[in-house]
Amino acid sequence: MPSYFTRPLSRLVAELEKLPGVGPKSAQRLAFFILRMNDEEAQNLAQAIVEAKSHVQTCRVCFNYTDQDICEICRDERRDTGCICVVADARDLVAFERTNEYKGRYHVLQGVISPMDGIGPERLRIRELQQRIAQAQQDNGSGAHPVSEIIIATNPTIEGDATAMYLAGILKPLGIKVTRIAHGMPVGGDLDYADQATLIQSLEWRREI
Amino acid sequence: MYLKGISLQNYRNLQPVSLGLGEGFWLILGANGQGKSNFLEAISVLCLGKARRAERDRDLIRFGEDFFRLEGKFSREERGDLESVVRLGPDGKELLIFGTPVGTLAKFIGEASCVTFSSDDVDIVLGEPTARRQFMNEALSQLSQGYIFDLARYRRCRDQKNKALKDIRERLAPVDSVEVWDQNLAQYGGRVCARRARFVRQISELSAKIYARLSAEAEGLQVSYEPNVSAPEEAPQWPEAMLQAIVEKRPEEIRRGMSLVGPQRDDLSITLNGVDGRGFASRGQARTIALALRLAQAQLMRKQTGEWPILLLDDVFAELDETRRALLSEMVSEAGQVFATAASEGDVPALEQRQMGLITLRRGQIEVEKTAEAAA
């Protein structure tokens, strides 16, 4: 396709197009917007990208994003080290943190198992989770396992479920309680408005009261 | 249920038009290639959100244009009126109910319902098992949102598992990496099978009665479900039965690098007086069986939703003899609205009880010549 843009502009459009959820049209719109910015604004944007890229890394323990070696959550002594919530993505961790209810630690897998995308368990931070648990056991010496519960909080998608199955398969033999977050009716939801699939799921995952 | 009005823009070869319609029997007249089937298809797209005959949605857009838009106003007995829109443009497909986009196809299907009868229906009897599975899928999608959801999840899971099996065969992944998919595969696949089993039981009873009426020789039609897993006694046991079959087949699945158990291998058995009709029935018999199955599908929808679907008869009368034409027109006369295409008026039996509406089609131009009058 012939380019209607001068080179630096078409390069900017091409770079923006690589971003998730940005198609050719949106990339053009963003590029034109950036061109209309004043110099300082454009500098700030470019700097923010470079700085974030060079200063943000993943936590050595849980693989959450941080600007330090170990993230704030992992350093927080008040948080329960015995409970680890396993999430697929750092964004899921943020969602749990916003609730202000969960006081345990996290482990970010950085994805879910998906053969179609070429992602097997070895590509996720599962080995690191195993090492983390083994390390805790070692530090504790004898006695009860220091990790009392692993909550698997991957999304209830086919891939999220498969990842949960895999984790349960390797963690349960260690004698640790492994739980899966519930799914079904949303809180405050109206049965009348729920779609059939959600209703079916909530029947399946019902529990005794 | 009936369509009160329809607007078309850039749909296949059809000229843009807005039509007022109503209850009753509508005859659509036009020579071949004028767009009669496309008009029926447009109505079905407003019910199903997609076209059966199209490989890709893009093929539905009029040549040289970059979008199509269909709008339908329906009258429903139980659930009140409905306005739905299907729009396909450069940014993708949009499904709207009363102007509000619905996120998924599952939430769109079932709002308005229709059954299409076409000459391709003989494939249900004479064609490959795929045609019979498609018959089940299409009917069940309109009867149950849960079915659409389970089938979509099942397919996704099966695709992932097939890739995992391929990776194992090529020694890119360890042998135990396949097991994580099986639980969900059996869960969703089992539920798909349980619904199919129930559906076929119901359709079998209805279609046998209809076939007996349609066929002069009172041949006995029997339709039964042929799952690829040995069927359990009770519906809730399906997932378990499927999981067991998957585990048994695992070595073979790994050897062949594909999943071998599940609804993608189901079939329907169709017998006439105990003789397998699949591939062996005469064309005439196959046509009558297919007609009986479609009528049974419509009756079942009426039974389960309390409302007749809109019936779309694509050149069906021309293929039938005088007696069967009369029987078919009698049977469809119970429905709230019927659209039947024909190349000439003589192909359709004269209706006494109700007044036929007449629509003509010339080179994509649709015109209502006469309005149908609902049965008293």
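The model shown is predicted, which means the values in this text are computed figures rather than measured ones. A, B, ... follow the sequence lines: proteins, then strands. Residue 1 opens every chain.
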Visitor: Rounded at 0.5 Å granularity, tell me how far CG in B:Asp91 sits from NZ in A:Lys25.
Guide: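 The CG atom of B:Asp91 sits 6.5 Å away from the NZ atom of A:Lys25.
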Visitor: So which part of A:Ile113 gets closer than 4.5 Å to some heavy atom of chain B, the side chain, the backbone, both or neither?
Guide: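 For A:Ile113, backbone and side chain are both near chain B.
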Visitor: Would you say A:Gln43 has more than 12 foreign heavy atoms packed within less than 6.0 Å of its CD?
Guide: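 For A:Gln43, atom CD is not crowded (no more than 12 foreign heavy atoms under 6.0 Å).
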Visitor: Give a yes or no on this: more than 12 heavy atoms of other residues, nucleotides or ligands lie within 6.0 Å of atom CD of A:Gln57.
Guide: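 More than 12 heavy atoms, drawn from other residues, nucleotides or ligands, come within 6.0 Å of this atom.
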Visitor: Could you check whether any side-chain heavy atom of B:Trp181 comes within less than 4.5 Å of a side-chain heavy atom of A:Asp161, counting everything from C-beta outward?
Guide: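 Of all side-chain heavy-atom pairs linking A:Asp161 with B:Trp181, none is under 4.5 Å.
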Visitor: Just wondering, more than 12 heavy atoms not from A:Arg127 lying within 6.0 Å of its CZ?
Guide: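 Atom CZ in A:Arg127 is not packed in, count stays at 12 or less.
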Visitor: Relative to chain A, which segment of B:Thr104 carries a heavy atom at a distance below 4.5 Å: side chain, backbone, both, or neither?
Guide: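 Contact with chain A: none, neither part.
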Visitor: Against chain A, label B:Ala173 side chain, backbone, both or neither, depending on which of its atoms sit under 4.5 Å from a heavy atom there.
Guide: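 When you check distances to chain A, no heavy atom of B:Ala173 falls under 4.5 Å.
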Visitor: More than 12 foreign heavy atoms under 6.0 Å from CD of B:Glu138: is that the case here?
Guide: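 Yes - once you tally the heavy atoms of other residues, nucleotides and ligands closer than 6.0 Å, there are more than 12.
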Visitor: Looking only at heavy atoms, what is the nearest atom pair of A:Ile200 and B:Gly146, with distance?
Guide: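 Taking every non-hydrogen atom into account, CD1-CA, 3.6 Å.
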Visitor: Rounded to the nearest 0.5 Å, how far does CE of A:Met116 lie from CG of B:Asn162?
Guide: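 Reported value, rounded in 0.5 Å steps: 9.5 Å.
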Visitor: With a 6.0 Å cut-off (strictly less than), is the heavy-atom count around NZ of B:Lys93, excluding the residue itself, greater than 12?
Guide: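 Yes.
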Visitor: Quick one: what part of B:Asp159 sits under 4.5 Å from any heavy atom of chain A, side chain, backbone, both or neither?
Guide: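 Both the backbone and the side chain of B:Asp159 come within 4.5 Å of chain A.
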Visitor: Non-hydrogen atoms of chain A under 4.5 Å away: do they reach the side chain of B:Tyr147, the backbone, both or neither?
Guide: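 When you check distances to chain A, no heavy atom of B:Tyr147 falls under 4.5 Å.
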Visitor: Can you establish whether the number of heavy atoms outside B:Arg52 located under 6.0 Å from its atom CZ is more than 12?
Guide: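 For B:Arg52, atom CZ is crowded (more than 12 foreign heavy atoms under 6.0 Å).
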Visitor: Between B:Gln183, B:Glu179, B:Arg191, B:Lys107, which residue shows the highest count of heavy-atom pairs closer than 4.5 Å to chain A?
Guide: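 Greatest number of close heavy-atom pairs with chain A: B:Arg191.
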Visitor: When you look at CD of A:Glu72, are more than 12 heavy atoms from neighbouring residues, nucleotides or ligands closer to it than 6.0 Å?
Guide: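 No.
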Visitor: Under 4.5 Å heavy-atom distance to chain B, tell me which part of A:Glu159 shows up: side chain, backbone, both or neither.
Guide: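 Its backbone and side chain both get close to chain B.
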Visitor: Is the number of heavy atoms from other residues, nucleotides or ligands within 6.0 Å of CZ (A:Arg180) greater than 12?
Guide: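 Atom CZ in A:Arg180 is packed in, count exceeds 12.
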Visitor: Are any non-hydrogen side-chain atoms of A:Ile158 and B:Tyr188 less than 4.5 angstrom apart?
Guide: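 Sidechains of B:Tyr188 and A:Ile158: in contact.
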Visitor: Quick check on the interface: out of B:Gln145, B:Lys163, B:Gln160, who has the most heavy-atom pairs with chain A under 4.5 Å?
Guide: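 Greatest number of close heavy-atom pairs with chain A: B:Gln160.
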Visitor: Looking at A:Gly169, A:Ala164, A:Pro156, A:Gly120, which has the largest count of heavy-atom pairs under 4.5 Å with chain B?
Guide: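 The residue among A:Gly169, A:Ala164, A:Pro156, A:Gly120 with the greatest pair count is A:Pro156.
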